[in-house]
A.B. asks: 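The structure's right below; bear with me while I get my questions together.
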Amino acid sequence: MSGDHTHNDSQIESGSRVNDAHKHKDKHKDKEHRHKDHKKDKDRERSKYSNSEHKDSEKKHRDKDREKMKHKDGSVERHKDKEKRKEEKIRSLDGKPKKEKENGFASPPRIKSEPDNDSFYPSPKHEKSLKRERDDDDSEFKPKKIKTENDKKAKKRKQEDEEDIKPKKKTKDKKGEVADGKKKAKKEPEEKWKWWEEERYTDGVKWKFLEHKGPVFAPPYEPLPSNIKFYYDEKPMKLSEKAEEVATFFAKMLDHEYTTKDIFRKNFFKDWRKEMTSEEKAKITDLGKCNFTEMSDYFKAQSEAKKQMSKEEKQKIKEENERLLQEYGFCVMDNHKERIANFRIEPPGLFRGRGDHPKMGMLKRRIRPEDIIINCSKDSKHPKPPPGTKWKEVRHDNKVTWLVSWTENIQGSIKYIMLNPSSRIKGEKDWQKYETARRLKKCVDRIRSQYRDDWKSKEMRIRQRSVALYFIDKLALRAGNEKEEGETADTVGCCSLRVEHIKLYPEKDGQEFVVEFDFLGKDSIRYYNKVPVEKRVFKNLQLFMENKQPEDDLFDRLNTSILNKHLQELMDGLTAKVFRTYNASITLQQQLKELTSPEENIPAKILSYNRANRAVAILCNHQRAPPKTFEKSMQNLQTKIDAKKDQLADAKRELKSAKADAKVRRDEKSKKAVESKKKAVQRIEEQLMKLEVQATDREENKQIALGTSKLNYLDPRISVAWCKKWGIPVEKIYNKTQREKFAWAIDMADEDFEF
DNA sequence: GGTAATACTTAGTATACCACGG
DNA sequence: CCGTGGTATACTAAGTATTACC
């Protein structure tokens with residue numbers, strides 16, 4: 001396997017590499033920026049992850065980290081700097097589910113399982129029969145061969161679009177079956193609309209009719225009462241309204257650690273000064289001399305007072321919110337009332353990016369009607385801007401799904417108001433996503449064998465592409481788009497990995513060809529993993545790293561656009577992220593099969609489900625900060641466990657004496673007593689076990705977030721099928737919101753569903 | 001062919017809410 | 001009835017991918 005390829009490798013090196021380093025102008029440029037950036041980095045302070053609050057255990061982890069890094073380091077200076085920075089900001093992961101982490105994930109290593117894939121998976125034929133006619137081919141789905149029923153409905157949709165929407169119904173509605181449900185609650189448009197039984201739009205049209213009330217703006221600023229003062233240089237100072245408002249943003253964050261960070265303070269102060277009058281600007285020149293504590297205390301008191309409000313007052317607020325929701329929280333899209341996800345405009349405040357963000361502390365400005373673009377249908381009742389104001393624009397673009405948009409001032413990106421996940425428009429897309437992943441399942445073997453062949457390619461770009469794809473597939477890494485330097489925190493994904501993010505060990509911990517990954521991914525969450533890889537991959541990585549600086553790109557001949565173009569050729573609709581979806585879902589399905597024991601009771605089965613879910617979360621590296629109350633709640637649980645243990649001891653003692661008693665007396669009654677004591681012991685043992693299992697479960701979940709994978713990566717039909725198969729109420733797995741989002745899956749998946 | 005803009009999904013965390021035991 | 005703690009929801013940042021543009 002090896003010899004000749006080593007040869008091959010070196011050929012390539014000499015061939016393409018030399019030019020490589022400088023061929024890509026932009027990449028090169030990038031690097032220079034990055035160097036500069038290092039200096040900046042130095043003054044950057046620790047990120048949220050060094051948070052003081054998760055004290056003990058957290059610190060321990062950190063220390064471990066540090067050791068590890070020392071251990072592995074010993075190189076370049078710059079690197080050290082970086083490492084130091086990393087140490088500080090990184091949220092340590094290891095120390096806990098180590099076994100799982102180290103070999104990637106608990107689930108069977110994918111590559112290894114390749115050979116038996118065929119036996120494991122159902123045949124393609126079977127697959128096909130499961131598919132509904134409107135399945136995947138999504139984009140180029142042709143409306144033709146639809147069941148007549150669908151046909152009618154499709155027609156109906158068209159008709160109705162042309163008419164005026166809501167006033168009518170229940171007349172000659174073709175959906176007679178549903179009609180009466182519609183009637184009873186006039187607000188609820190046809191109880192539960194099964195959009196998944198209807199035909200989808202083709203050719204990029206997203207809707208035919210769209211009407212909504214526009215956004216809800218942030219409440220205007222309310223100036224502070226005059227007795228609440230701001231002090232500059234020990235002296236009280238009355239601020240102009242604008243300056244005061246921005247000051248309150250800072251005051252509200254005062255006990256947050258980040259108000260002590262230089263970058264945060266610098267950015268804040270700069271933007272604050274922009275809001276000041278010229279007199280204020282002249283006077284206030286040093287943030288260090290600003291005293292916001294009175295303001296801060298005032299807000300604390302306010303929120304305290306809010307908590308203490310009477311029930312009636314709270315009720316009133318609740319009702320007002322409900323009213324707002326009813327008025328602005330819904331839209332009509334194609335004849336159906338749909339819930340809007342975020343109808344409130346983001347209020348002004350100080351920007352806090354995640355991780356080590358260069359723009360933290362900047363002022364996120366207030367959005368006015370003049371900033372807002374409204375999207376709705378021409379023939380709808382357009383939302384009115386607040387009195388005396390105008391929208392920036394009203395447009396009628398039915399090729400997009402958003403209702404409202406505006407441009408945000410921190411990154412200059414566009415923000416949108418869109419529909420809830422329970423809406424047709426989101427649901428269809430979600431469904432389609434899983435269908436694409438299922439199509440990948442059918443050809444993943446082919447793709448895998450191809451990229452393995454490509455490891456031997458004589459073209460550098462192809463080798464890089466194939467190794468990157470291997471990582472994306474095996475480790476579920478994100479694609480890794482390039483990002484603008486200095487605009488965001490320094491994070492990477494697969495294609496943007498740098499040499500400094502991996503370490504190669506020909507041999508480590510008894511395993512050959514180990515790659516150690518250590519980088520910050522999305523949301524500055526650390527990815528740390530040690531993975532044994534194929535020799536060829538290892539050799540390739542050595543090749544890619546040769547003659548490079550730590551801050552150089554590992555895959556200098558690759559980016560996400562190249563990769564996705566390639567993937568597109570392998571399978572229609574295939575992109576890098578499909579692998580994550582596919583691997584997450586297939587892992588869940590497989591783990592469920594493996595972990596569910598038929599004889600177990602429902603709680604035990606649910607535990608198995610959670611374990612399967614957790615395997616996926618670990619695979620996808622979905623982490624969370626340990627809940628603030630974690631230690632305490634663990635303690636509570638432990639107390640319960642201890643109490644249960646005592647109880648058990650008591651019960652056992654009683655059993656013993658009952659037995660002794662029975663031995664002496666030998667009568668029915670004492671025998672019965674023994675039996676009942678025995679049962680009691682059993683029951684208590686069971687309860688104890690449950691508690692202990694719960695404790696384990698919680699401990700294992702300390703830093704792992706299950707929600708993200710549940711919501712975004714796991715084909716809900718797998719879970720629904722599992723529930724049906726084992727008689728688990730679906731409510732045990734999905735809460736109300738989740739059931740709404742996955743209504744399509746709950747409705748259509750039966751217990752034989754195979755992903 | 002590369003870059004910027006756009007649209008939409010995925011992400012972790014702050015906070016609201018609600019059930020429950022004292 | 002109240003506080004507590006645990007879950008659900010709100011929020012919005014940060015990704016991915018496609019499209020528009022030059």
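A, B, ... follow the sequence lines: proteins, then strands. Residue 1 opens every chain.
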A.B. asks: Looking for any heavy atom pair under 4.0 Å, which part of the strands does A:K364 touch: base, sugar-phosphate only, or nothing?
C.D. replies: sugar-phosphate
A.B. asks: Starting at the 5' end of DNA chain C, which residue's closest nucleotide do you reach first, A:N342 or A:K522?
C.D. replies: A:N342
A.B. asks: Where the side chain of A:R344 is defined as all heavy atoms beyond and including C-beta, which of C:dC11, B:dG12, B:dC8 is the nearest nucleotide?
C.D. replies: C:dC11
A.B. asks: I need the OH-P distance between A:Y713 and B:dG12, as an integer number of Å.
C.D. replies: 9 Å
A.B. asks: In whole angstroms, how far is the C1' atom of B:dA7 from the CG atom of A:N398?
C.D. replies: 15 Å
A.B. asks: Would you call A:E320 and A:R323 a salt bridge, taking side-chain N to carboxylate O under 4.0 Å as the test?
C.D. replies: yes
A.B. asks: Remember a base hit wins even if backbone is also touched, and classify A:S405 as base, sugar-phosphate or nothing at under 4.0 Å, heavy atoms.
C.D. replies: nothing
A.B. asks: Determine: side-chain N/O of A:K314 to OP1/OP2 of B:dC17, distance under 4.0 Å, yes or no.
C.D. replies: no
A.B. asks: So, does A:S413 get its side chain near the phosphate of B:dA5, meaning an N or O under 4.0 Å from OP1 or OP2?
C.D. replies: no
A.B. asks: Under the side chain to side chain donor-acceptor pair (under 3.5 Å) rule, collect the residues that match up with A:T248, sequence neighbours excluded.
C.D. replies: none
A.B. asks: Among A:R365, A:K364, A:R366, exactly one meets salt bridge (charged side-chain N to carboxylate O under 4.0 Å, His left out) together with A:E346. Which residue is that?
C.D. replies: A:K364
A.B. asks: Between A:R478 and B:dA11, does any side-chain N or O lie under 4.0 Å from OP1 or OP2?
C.D. replies: yes
A.B. asks: Any Lys/Arg nitrogen of A:D490 or A:R498 sitting under 4.0 Å from an Asp/Glu carboxylate oxygen of the other?
C.D. replies: yes
A.B. asks: Nearest to the side chain of A:F351, heavy atoms from C-beta on, is which of B:dC8, C:dA14, B:dA11?
C.D. replies: C:dA14
A.B. asks: Quick one: what's the B/S/- string for nucleotides 1-7 of chain C, heavy-atom cutoff under 4.0 Å, read 5' to 3'?
C.D. replies: ----SS-
A.B. asks: A:L706 has an atom CG; how far is it from atom P of B:dA11, in whole Å?
C.D. replies: 13 Å
A.B. asks: A:R339 near the nucleic acid: base, sugar-phosphate alone, or nothing, with a heavy-atom cut-off under 4.0 Å?
C.D. replies: sugar-phosphate
A.B. asks: What is the ring orientation for A:W195 with A:W744, classed by angle as parallel under 30°, tilted 30 to 60°, or perpendicular over 60°?
C.D. replies: tilted
A.B. asks: Just how far, in rounded Å, is C1' of B:dG12 from CZ of A:R354?
C.D. replies: 5 Å
A.B. asks: Kindly indicate whether a cation-pi arrangement holds for A:K252 with A:F299, taking the cut-offs as under 6.0 Å to the six-membered ring centre and within 45° of the axis.
C.D. replies: yes
A.B. asks: Between atom NZ in A:K483 and atom P in C:dT16, what is the gap in whole Å?
C.D. replies: 9 Å
A.B. asks: So what does A:G412 hit on the nucleic acid, given a heavy-atom distance under 4.0 Å: a base, only sugar-phosphate, or nothing?
C.D. replies: nothing
A.B. asks: Report the distance from atom CE of A:M418 to atom P of B:dC8, rounded to the nearest whole Å.
C.D. replies: 5 Å
A.B. asks: For A:K206 and for A:H622, locate the closest nucleotide of DNA chain B by heavy-atom distance; then report the residue assigned to the nucleotide nearer the 5' terminus.
C.D. replies: A:K206
A.B. asks: Please write out each protein N/O paired with an N/O of nucleotides 17-21 of chain C under 3.5 Å, distance rounded to 0.1 Å.
C.D. replies:
residue	atom	partner	partner atom	Å
C:dA17	OP1	A:T575	OG1	2.9
C:dA17	OP1	A:A576	N	3.1
C:dA17	OP1	A:K577	N	2.7
C:dA17	OP2	A:N564	ND2	3.0

A.B. asks: Of the options A:H212, A:R339, A:M333, which is the one that meets A:L419 in a side chain to side chain contact (heavy atoms under 4.5 Å, CB included)?
C.D. replies: A:M333
A.B. asks: Check this for me: does any side-chain nitrogen of one of A:R424 and A:E428 sit under 4.0 Å from a carboxylate oxygen of the other?
C.D. replies: yes
A.B. asks: Salt bridge between A:K399 and A:D397, side-chain N to carboxylate O under 4.0 Å?
C.D. replies: no
A.B. asks: For A:I425 and B:dA7, what is the distance between atoms CD1 and P respectively, to the nearest whole Å?
C.D. replies: 13 Å
A.B. asks: What contact category does A:Y416 fall into here, base, sugar-phosphate, or nothing, at under 4.0 angstrom with non-hydrogen atoms?
C.D. replies: base
A.B. asks: Does any non-hydrogen side-chain atom of A:F630 lie less than 4.5 Å from one of A:R698?
C.D. replies: yes
A.B. asks: Mapping A:G521 and A:P347 onto DNA chain C by nearest heavy atom, which one lands closer to the 5' end?
C.D. replies: A:P347
A.B. asks: Map A:H256 and A:T401 onto DNA chain B by nearest heavy atom, then report which one ends up closer to the 5' terminus.
C.D. replies: A:T401
A.B. asks: Any carboxylate oxygen within less than 4.0 angstrom of a Lys/Arg side-chain nitrogen, looking at A:K318 and A:E322?
C.D. replies: no
A.B. asks: Using whole Å, what does the distance between atom P of nucleotide B:dA7 and atom NZ of A:K399 come to?
C.D. replies: 13 Å
